[in-house]
Number of protein chains: 2
Amino acid sequence: MPDQPVKKQRDAEATKARILSAAKKEFAKSGLGGARVDVIAERAKANKRMIYHYFGNKEDLFQIVLEDAYVDIRTAEQKLELEHLPAREALEKLVRFTWDYYLKNPEFITLVNSENLHKARHLKKSEVIEVVSRRFVNMVGGLLDRGVAEGVFRKGVDPVQLNITIAAIGYYYLTNRFTGSIVFHRDLMAPEALEERLAFNIDTIMRLVCVAP
Amino acid sequence: MPDQPVKKQRDAEATKARILSAAKKEFAKSGLGGARVDVIAERAKANKRMIYHYFGNKEDLFQIVLEDAYVDIRTAEQKLELEHLPAREALEKLVRFTWDYYLKNPEFITLVNSENLHKARHLKKSEVIEVVSRRFVNMVGGLLDRGVAEGVFRKGVDPVQLNITIAAIGYYYLTNRFTGSIVFHRDLMAPEALEERLAFNIDTIMRLVCVAP
DNA sequence: CACCTAATGCACTAACTAGTTACTTTCTTA
DNA sequence: TAAGAAAGTAACTAGTTAGTGCATTAGGTG
């Protein structure tokens with residue numbers, strides 16, 4: 001008898017997980033419209049029938065992939081525990097995290113782009129998004145207030161505008177890395193270029209939020 | 001007899017123009033993959049055969065639409081004649097222009113997104129892009145130098161990073177307006193919201209570039 | 001062990017889609 | 001005005017794609 005646990009020949013959870021992972025890759029690569037259900041099935045080493053069995057249809061699958069992606073980034077942000085750091089350090093950590101997350105999870109960006117092409121009609125139907133989003137905005141709002149109390153941030157900065165700006169300066173650079181590398185005659189993805197951009201982004205946000213020293 | 005000039009029954013240039021215009025709309029709405037050649041033909045009030053006759057195939061048509069879009073924004077930027085303004089005013093005008101252009105030409109954003117999903121393989125083949133892009137970067141580079149000479153801008157700001165940032169803070173807000181409106185529980189496209197964002201963007205760039213007063 | 005339910009596989013279809021073939025109509029010009 | 005070039009049309013093809021009907025198989029449970 002093998003001492004490892006006997007490998008199940010049928011495993012619904014594992015199959016579902018493989019489908020979700022394959023779908024994430026395929027949707028990220030080709031968008032909702034360009035993604036092929038057959039490709040997802042093949043990459044998941046599952047029969048196409050399973051996709052319809054577990055997830056209903058292509059659009060429903062996309063919605064779940066998208067929700068998962070949002071929950072993942074919002075969960076990772078909460079784990080930063082910014083409350084335990086001085087405000088300036090916390091803000092820098094958030095800018096750094098956002099950049100690193102986009103860099104390591106390029107599917108997130110492409111999924112969001114695809115969803116916006118479809119006017120967010122899947123996110124609109126989602127219920128989890130409400131909850132995780134609110135917690136996120138509150139976190140940054142709290143951080144700003146604390147910075148003002150510490151005397152390091154200026155008053156009156158809108159947490160939503162700040163959130164959007166932190167995301168924007170990283171997101172735009174990375175989502176447009178292909179056209180950008182052509183327009184600016186520069187390999188935007190070279191290691192030094194990435195370092196330089198992160199430093200620039202931190203500087204941009206600090207100048208925006210901090211009081212003059 | 002009708003006193004209007006006899007309507008031309010055949011007009012190659014007009015047909016080409018109608019196809020390009022329809023293609024721009026359709027590609028912007030659905031991306032390269034999602035766009036339908038039949039829809040383009042119908043909207044252009046042209047026979048589908050004409051598209052292949054004048055433009056070769058779907059991808060070639062996309063490339064021309066994309067090139068036209070880039071040439072259009074770069075031409076409009078040159079018309080700003082920023083050289084004739086004090087550096088601070090010129091920079092603010094550029095931020096304002098970029099925002100307004102994206103707002104009035106949302107197809108530009110969607111076309112660029114689609115092109116990046118395809119790793120810029122059409123822009124890579126383009127020859128016009130090189131020329132118009134270089135002129136654009138030089139313009140902002142010159143503006144920065146002039147601001148330093150005037151004593152209003154700090155030294156050492158990279159014109160490419162600045163360009164990217166100016167684009168980013170407008171582009172991200174607008175391209176993600178659908179998901180953003182859900183995540184932030186706020187109608188990002190309400191007139192007051194748009195005004196507020198523009199003001200915030202100008203402030204962000206000024207704090208980034210200007211010397212302390 | 002026998003039954004039942006959930007997991008899986010195969011082969012199919014109905015609709016769609018980029019691109020083409022073969023043709024007609026209109027305009028220009030020698 | 002005749003002829004050829006250019007503009008335009010309709011119907012078709014070959015390949016693709018989301019989704020399904022139905023049969024089969026494995027594993028847990030009484």
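Values below: every heavy atom of this structure, side chains too, minus hydrogens, waters and symmetry copies. Convention: sequence-line order gives letters A, B, ...; per-chain numbering from 1.
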Set of residues satisfying side-chain hydrogen bond (donor to acceptor under 3.5 Å, both in side chains) with respect to [X], sequence neighbours excluded:
X        : answer
A:Asn116 : B:Asn176, B:Thr179
B:Tyr171 : B:Asn113
A:His118 : none
A:Arg146 : A:Glu150

Donor-acceptor contacts under 3.5 Å from residues 136-144 of chain B side chains, at least two apart:
residue  : atom : partner  : partner atom : Å
B:Asn138 : ND2  : B:Arg134 : O            : 3.3

What is the per-nucleotide protein-contact pattern of nucleotides 8-20 of chain C, from the 5' end, where B denotes a base atom under 4.0 Å from a protein heavy atom, S denotes such proximity for sugar-phosphate atoms only, and - denotes neither? BBB------SBBB

d([atom1], [X]; [atom2], [N]) in whole Å:
X       : N      : atom1 : atom2 : value
B:Phe55 : D:dG8  : CZ    : P     : 12 Å
A:Ile51 : D:dT20 : CD1   : C1'   : 14 Å
A:Lys16 : C:dA7  : NZ    : P     : 7 Å

